[in-house]
K.L.:
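Right, I'll just put the structure down here and ask away after.
The figures here come from the full heavy-atom set of this structure, side chains too, leaving out hydrogens, waters and symmetry mates.
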Amino acid sequence: MKQARAWQRMLSGRRLDLLDPTPVDIELQDIAHGLAFVARWNGQTTGDWPYSVAEHSLLVESLLGRMEPGLAPRWRLAALLHDAPEYVIGDMISPVKAAVGPDYGALDERLTAAIHIRFGLPAVLPTPIKTLIKKADIVSAWLEATQIAGFSKAEADRIFGRPTPQAAGVTIAPRPPAEVRAAFIDRHAQLMAQVDAAPGR
């Protein structure tokens with residue numbers, strides 16, 4: 001029996017093995033492009049443009065900066081990249097992830113490790129950092145749910161909990177994929193420069 005193909009040709013020309021991804025096959029442009037065209041909330045959001053994972057990633061990184069202003073740049077970079085594997089595997093809502101089971105998690109972990117190593121981060125983030133990023137992620141989900149995904153605030157409070165005060169004044173306006181892709185690349189470059197300039201990096 002012919003073995004099923006387990007790699008994807010990326011627009012950069014890289015051939016990414018999904019079962020055994022390596023950092024040398026990870027390119028920022030591929031991540032930014034893919035995430036800018038992957039819709040959050042299964043596309044069930046208001047506006048003329050889909051709300052993309054790239055836009056969400058920018059929001060999470062920004063919220064983390066509001067919540068933890070003294071956090072080292074490398075951990076804000078980790079926040080920007082927290083959903084980066086979805087440039088290959090797409091965004092699944094939580095109920096679908098639960099139905100797929102542990103295989104989804106294992107694939108996500110392999111891709112995450114390769115991406116982290118590619119950009120100078122630990123393959124596995126320290127637990128306190130993962131916890132901080134998850135808090136910002138949940139706040140972003142509340143904002144997205146109430147502003148563009150049709151949830152009432154009461155419903156979002158029940159599912160995600162009430163947002164932190166740092167979320168006040170944050171508004172979401174989906175943008176064209178090309179614009180979001182460029183914003184993601186720019187923010188990544190800014191954070192990489194800050195990481196390189198940080199003392200004792």
Side-chain angles (χ1 to χ4, degrees), residues 28-87 89-97 115 119 125 128-195:
L28 189 276
Q29 288 76 13
D30 292 332
I31 294 173
H33 182 83
L35 294 184
F37 283 88
V38 173
R40 290 264 295 167
W41 302 93
N42 277 352
Q44 297 301 304
T45 53
T46 59
D48 294 331
W49 305 101
Y51 183 74
S52 71
V53 176
E55 193 85 81
H56 163 77
S57 299
L58 288 161
L59 175 60
V60 170
E61 188 271 324
S62 175
L63 286 168
L64 184 63
R66 284 172 168 236
M67 295 162 65
E68 300 288 337
L71 198 63
R74 68 193 311 232
W75 304 133
R76 293 188 64 168
L77 175 64
L80 183 70
L81 297 170
H82 80 283
D83 277 340
E86 294 179 8
Y87 87 106
I89 57 180
D91 179 50
M92 291 187 189
I93 58 174
S94 296
V96 176
K97 289 179 182 177
I115 291 165
F119 297 113
L125 296 179
I129 299 301
K130 288 181 71 172
T131 300
L132 289 175
I133 293 172
K134 187 61 181 176
K135 283 176 62 177
D137 195 26
I138 292 171
V139 172
S140 75
W142 188 95
L143 289 167
E144 294 162 13
T146 56
Q147 292 187 31
I148 59 172
F151 287 61
S152 69
K153 290 186 178 180
E155 186 180 19
D157 286 350
R158 284 197 307 272
I159 296 171
F160 306 109
R162 292 189 177 182
T164 62
Q166 292 86 354
V170 175
T171 57
I172 296 172
R175 297 177 285 175
E179 186 177 330
V180 181
R181 178 181 60 203
F184 188 95
I185 291 171
D186 286 348
R187 186 58 183 149
H188 181 272
Q190 292 168 8
L191 289 168
M192 288 296 292
Q194 292 175 23
V195 169

K.L.:
Which residue, Arg40, Gln44, Glu144, forms the side-chain hydrogen bond (donor to acceptor under 3.5 Å, both in side chains) with Tyr51?
P.N.:
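Running side-chain hydrogen bond (donor to acceptor under 3.5 Å, both in side chains) over Arg40, Gln44, Glu144 with Tyr51 returns exactly one hit, Glu144.
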K.L.:
Tell me the closest heavy-atom pair linking Ile115 and Pro85, and the distance in Å.
P.N.:
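Scanning both residues, the minimum pair turns out to be CD1-N, 3.8 Å.
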K.L.:
Please answer whether the main-chain N or O of Leu59 pairs with a side-chain N or O of Ser62 as donor and acceptor at a distance below 3.5 Å.
P.N.:
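Absent.
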K.L.:
What residues, two or more places apart in sequence or in another chain, satisfy ring pair (Phe, Tyr, Trp, His ring centres under 6.0 Å) together with Phe119?
P.N.:
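Phe119 satisfies ring pair (Phe, Tyr, Trp, His ring centres under 6.0 Å) with His188 only.
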K.L.:
Mind checking side chain to side chain contact (heavy atoms under 4.5 Å, CB included) for Gln147 and listing every partner two or more places apart, or none if nothing turns up?
P.N.:
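With neighbours one apart ignored, the set is Leu143, Thr171, Ile172.
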K.L.:
Please tell me if the side chains of Arg175 and Trp49 come closer than 4.5 Å, counting only heavy atoms from C-beta onward.
P.N.:
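No - every pair of side-chain heavy atoms lies 4.5 Å or more apart.
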K.L.:
Check side chain to side chain contact (heavy atoms under 4.5 Å, CB included) between Ala189 and all other residues, then give those that pass, not counting sequence neighbours.
P.N.:
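Ala189 satisfies side chain to side chain contact (heavy atoms under 4.5 Å, CB included) with no other residue.
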K.L.:
I need the Lys135 NZ to Ser140 OG distance, nearest 0.5 Å.
P.N.:
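Answer rounded to 0.5 Å: 13.5 Å.
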K.L.:
Identify the two heavy atoms, one from Leu35 and one from Asp83, that lie closest to each other, and give their separation to 0.1 Å.
P.N.:
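Reported closest heavy-atom pair: CD2-O, 3.7 Å.
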K.L.:
Could you tell me the separation between the CZ atom of Arg76 and the CD1 atom of Ile129, rounded to the nearest 0.5 Å?
P.N.:
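Reported to 0.5 Å precision, the distance equals 12.5 Å.
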K.L.:
As an exercise, state the distance from CD1 of Ile133 to CG of Leu80, rounded to the nearest 0.5 Å.
P.N.:
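Rounded to the nearest 0.5 Å, the CD1-CG separation comes to 10.0 Å.
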K.L.:
For a quick test of your reading: what N or O donor-acceptor pairs under 3.5 Å do the side chains of residues 178-187 make, sequence neighbours left out?
P.N.:
| residue | atom | partner | partner atom | Å |
| --- | --- | --- | --- | --- |
| Arg181 | NH1 | His33 | ND1 | 2.9 |
| Arg187 | NE | Glu61 | OE1 | 2.9 |
| Arg187 | NH1 | Gln190 | OE1 | 2.8 |
| Arg187 | NH2 | Glu61 | OE2 | 2.9 |

K.L.:
Of the non-hydrogen atoms in Pro50 and Ala39, which two are nearest, and what is the gap between them?
P.N.:
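Here Pro50 and Ala39 meet closest at CB-CB, 4.0 Å.
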K.L.:
Does Ala79 offer a backbone N or O that forms a donor-acceptor pair with the side chain of His82 under 3.5 Å?
P.N.:
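Yes; judged by distance alone, with no hydrogens or angles, the pair exists.
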K.L.:
In Å, rounded to the nearest 0.5 Å, how long is the span from OG1 of Thr45 to CD1 of Ile148?
P.N.:
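Here the interatomic distance stands at 5.0 Å.
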K.L.:
Rounded to the nearest 0.5 Å, how far does OG of Ser52 lie from CG of Leu58?
P.N.:
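So the gap between those two atoms works out to 8.0 Å.
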K.L.:
My understanding is that only residues two or more places apart in sequence, or in another chain, count here; which of them pass salt bridge (charged side-chain N to carboxylate O under 4.0 Å, His left out) with Arg162?
P.N.:
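Salt bridge (charged side-chain N to carboxylate O under 4.0 Å, His left out) check on Arg162 returns Asp157.
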K.L.:
State which residues pass salt bridge (charged side-chain N to carboxylate O under 4.0 Å, His left out) with Asp30; sequence neighbours excluded, sorted by chain then number.
P.N.:
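Checked Asp30 against salt bridge (charged side-chain N to carboxylate O under 4.0 Å, His left out); zero matches.
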K.L.:
What distance do Leu64 atom CG and Gln166 atom CD have between them, rounded to the nearest 0.5 Å?
P.N.:
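If I round to the nearest 0.5 Å, the distance is 10.5 Å.
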K.L.:
Taking C-beta and beyond as the side chain, do Met192 and Leu28 meet within less than 4.5 Å on heavy atoms?
P.N.:
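They are not in contact (no side-chain heavy atoms under 4.5 Å apart), so the answer is no.
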K.L.:
Taking all atoms of both residues into account, what is the closest heavy-atom pair of Phe160 and Ala145, and its distance?
P.N.:
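Taking Phe160 first and Ala145 second, the nearest heavy atoms are CE1-CB, 3.8 Å.
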